[in-house]
There are 2 protein chains.
Amino acid sequence: MLHEEVVGRIRDILLDGEIPPGARIPERELCERLEISRTPLREALKVLAAEGLVQLLPHRGSRAAKLTDKDMRDLFEVCQGLEALAGELACERITDREIADIAAAHAAMVQHYREGDLIQYYRGNRAIHEGIVNAAGNPVLAGLYASVTARIRRARYVTPMTPQRWALAVSEHEAILNALQRRDGAGLSHILRAHLRHKREEVLQAGFAETESSEPTLKIA
Amino acid sequence: MLHEEVVGRIRDILLDGEIPPGARIPERELCERLEISRTPLREALKVLAAEGLVQLLPHRGSRAAKLTDKDMRDLFEVCQGLEALAGELACERITDREIADIAAAHAAMVQHYREGDLIQYYRGNRAIHEGIVNAAGNPVLAGLYASVTARIRRARYVTPMTPQRWALAVSEHEAILNALQRRDGAGLSHILRAHLRHKREEVLQAGFAETESSEPTLKIA
DNA sequence: TGGATCATTTTTGAATTCAAAAATAGAGAT
DNA sequence: ATCTCTATTTTTGAATTCAAAAATGATCCA
């Protein structure tokens with residue numbers, strides 16, 4: 001198994017929430033499961049720590065990173081900036097073909113919305129945002145975006161998606177597609193910011209708090 | 001020596017250009033120099049590879065990453081976006097004290113300009129940009145910014161700094177400080193973008209090309 | 001003499017081993 | 001019984017070792 005694959009596998013395990021935020025990372029188990037020794041596992045953990053998904057505590061192992069409200073706010077803020085930038089660049093560079101693909105993804109997403117299929121809706125939603133970022137034609141940007149969105153998604157917040165919020169999100173997506181088709185960079189950038197701001201408000205308002213599941217609260221001396 | 005320190009030491013060695021872009025990373029030598037074994041060294045190299053400073057070639061070792069013109073353009077583009085975002089956020093959050101510090105750094109930088117001390121000028125320039133990014137109060141943003149600027153700086157491009165360019169840069173910095181003092185987020189963001197765009201044009205126009213120093217060009221079969 | 005093939009050396013990647021640090025368990029004292 | 005201190009176990013971090021892959025170089029043939 002290649003180094004990058006090990007990193008990817010563990011990243012997925014973390015993103016799937018299989019190891020909840022704040023929980024210890026069981027080295028031994030992961031070694032057995034991935035059928036590797038501790039050396040490559042630990043290399044991967046250090047990489048994931050640099051990415052912000054894992055927290056290393058000297059001499060007492062590693063844990064799945066736990067995000068505070070502040071962390072979440074910061075991540076959204078950066079995500080917003082990256083998407084806005086991607087939107088502007090995409091409008092300069094996107095091909096008709098790519099626009100058509102995103103339009104198709106949009107239509108599919110709207111269909112999922114009509115059917116009330118939240119999971120599929122989210123999937124489609126993500127595909128559109130990633131499509132825009134990729135259309136920016138900037139791998140550095142795409143990489144940072146992937147890293148930031150991964151950390152956001154990491155926190156399996158369960159935002160109660162109200163019909164109002166959902167409808168708003170869909171209408172915003174209509175505007176996004178529209179700006180993209182018009183190749184209106186400034187407009188797209190503006191809409192994307194608003195879209196992300198709304199999402200962030202949802203998440204934080206919903207009382208995002210990464211509850212400590214495996215660590216007792218410290219008693220004060 | 002702590003893991004993070006090892007990463008930092010090697011990062012510095014790369015940023016100092018001690019190992020030129022494209023050159024093989026001498027594992028053995030680095031081990032001796034840092035007085036560590038291969039295990040922690042290799043952990044650090046994988047982290048630096050994830051950061052984009054090192055290129056890992058399966059079964060044939062690691063090299064100092066070499067940037068193409070496209071890479072450089074992409075990095076500048078993202079750097080621009082991050083600084084613009086930082087500028088906007090900084091205007092919302094910066095304290096009078098922080099403004100005063102940046103103003104002082106600006107004055108010092110202008111003095112270095114007058115004295116024609118390019119090295120000190122660059123140092124001051126960097127301090128100002130970092131000051132703005134830090135004033136944004138977003139560690140995630142600061143981290144990404146550090147990573148991107150490191151990669152840019154990594155490429156020891158030698159831009160011939162003409163008097164005209166230098167004067168323009170200084171006048172842009174006047175405008176930057178001004179916008180910051182007025183806490184004009186949109187204005188600051190706009191100026192920062194222009195400033196970075198000019199810098200990028202300089203670098204790329206100057207024919208940035210990471211000349212291959214240690215690898216013969218492949219002969220076409 | 002030039003080039004191809006095979007043996008040797010070197011280097012890489014990963015498992016194992018080892019020492020130090022931390023966690024745990026147990027004994028003794030209060 | 002509970003707390004504390006110590007001995008034991010476990011876990012962590014890093015050096016070493018080992019196998020596989022690649023690079024090197026030597027030999028043989030045209």
Side-chain angles (χ1 to χ4, degrees), chain A residues 1-11 13-14 18-20 22-51 53-66 212-221, chain B residues 1-11 13-14 18-20 22-51 53-66 212-221:
Chain A
M1 181 150 48
L2 227 51
H3 165 70
E4 257 314 316
E5 202 189 331
V6 176
V7 175
R9 292 276 301 269
I10 303 171
R11 191 189 287 118
I13 290 173
L14 291 169
E18 210 176 312
I19 299 174
R24 280 175 66 88
I25 289 170
E27 257 188 31
R28 195 157 298 280
E29 276 177 44
L30 279 181
C31 284
E32 286 168 21
R33 178 157 157 194
L34 303 186
E35 294 176 292
I36 55 177
S37 74
R38 283 179 63 222
T39 306
L41 176 76
R42 289 167 53 79
E43 282 172 356
L45 290 179
K46 307 243 160 163
V47 169
L48 291 166
E51 270 180 39
L53 285 172
V54 164
Q55 189 186 4
L56 300 175
L57 300 106
H59 289 289
R60 61 187 66 175
S62 42
R63 294 171 169 275
K66 202 175 56 179
E212 188 52 77
S213 54
S214 60
E215 192 83 31
T217 32
L218 290 169
K219 50 184 166 189
I220 294 132
Chain B
M1 179 147 51
L2 227 51
H3 165 70
E4 256 313 317
E5 202 190 328
V6 176
V7 175
R9 292 277 300 270
I10 303 171
R11 190 189 288 116
I13 290 173
L14 291 169
E18 212 176 310
I19 299 173
R24 280 176 66 87
I25 289 171
E27 259 188 31
R28 196 157 298 280
E29 275 177 45
L30 278 182
C31 284
E32 285 168 23
R33 177 158 157 192
L34 303 187
E35 293 176 293
I36 55 176
S37 74
R38 281 179 63 222
T39 305
L41 177 76
R42 289 167 52 80
E43 283 172 357
L45 289 179
K46 306 242 160 158
V47 169
L48 291 166
E51 270 180 40
L53 284 172
V54 164
Q55 191 186 4
L56 300 175
L57 300 105
H59 288 289
R60 60 188 68 173
S62 43
R63 296 174 167 272
K66 203 175 55 181
E212 187 55 78
S213 52
S214 59
E215 192 84 33
T217 31
L218 291 169
K219 49 184 166 187
I220 293 131

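A, B, ... follow the sequence lines: proteins, then strands. Residue 1 opens every chain.
When the salt bridge (Lys or Arg N to Asp or Glu O under 4.0 Å) test is applied to A:Glu27, the partners found at least two apart in sequence or on another chain are A:Arg38, A:Arg42. For A:Ala64, the side-chain contact (heavy atoms from CB on, under 4.5 Å) criterion is met by A:Leu14, A:Ile19, A:Arg154, not counting sequence neighbours. Residues passing the side-chain contact (heavy atoms from CB on, under 4.5 Å) test with B:Glu29 are B:Pro26, sequence neighbours excluded. Residues that satisfy the side-chain contact (heavy atoms from CB on, under 4.5 Å) test with B:Leu57, not counting sequence neighbours, are B:Arg60, B:Arg63. Applying the side-chain contact (heavy atoms from CB on, under 4.5 Å) rule to A:Glu32 yields the partners A:Arg28; only residues at least two apart in sequence or on another chain are considered.
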Reading nucleotides 7-18 of chain C from 5' to 3' and marking B where a protein heavy atom lies under 4.0 Å of the base, S where only the sugar-phosphate is that close, and - otherwise, the string is ----SBBBBB--

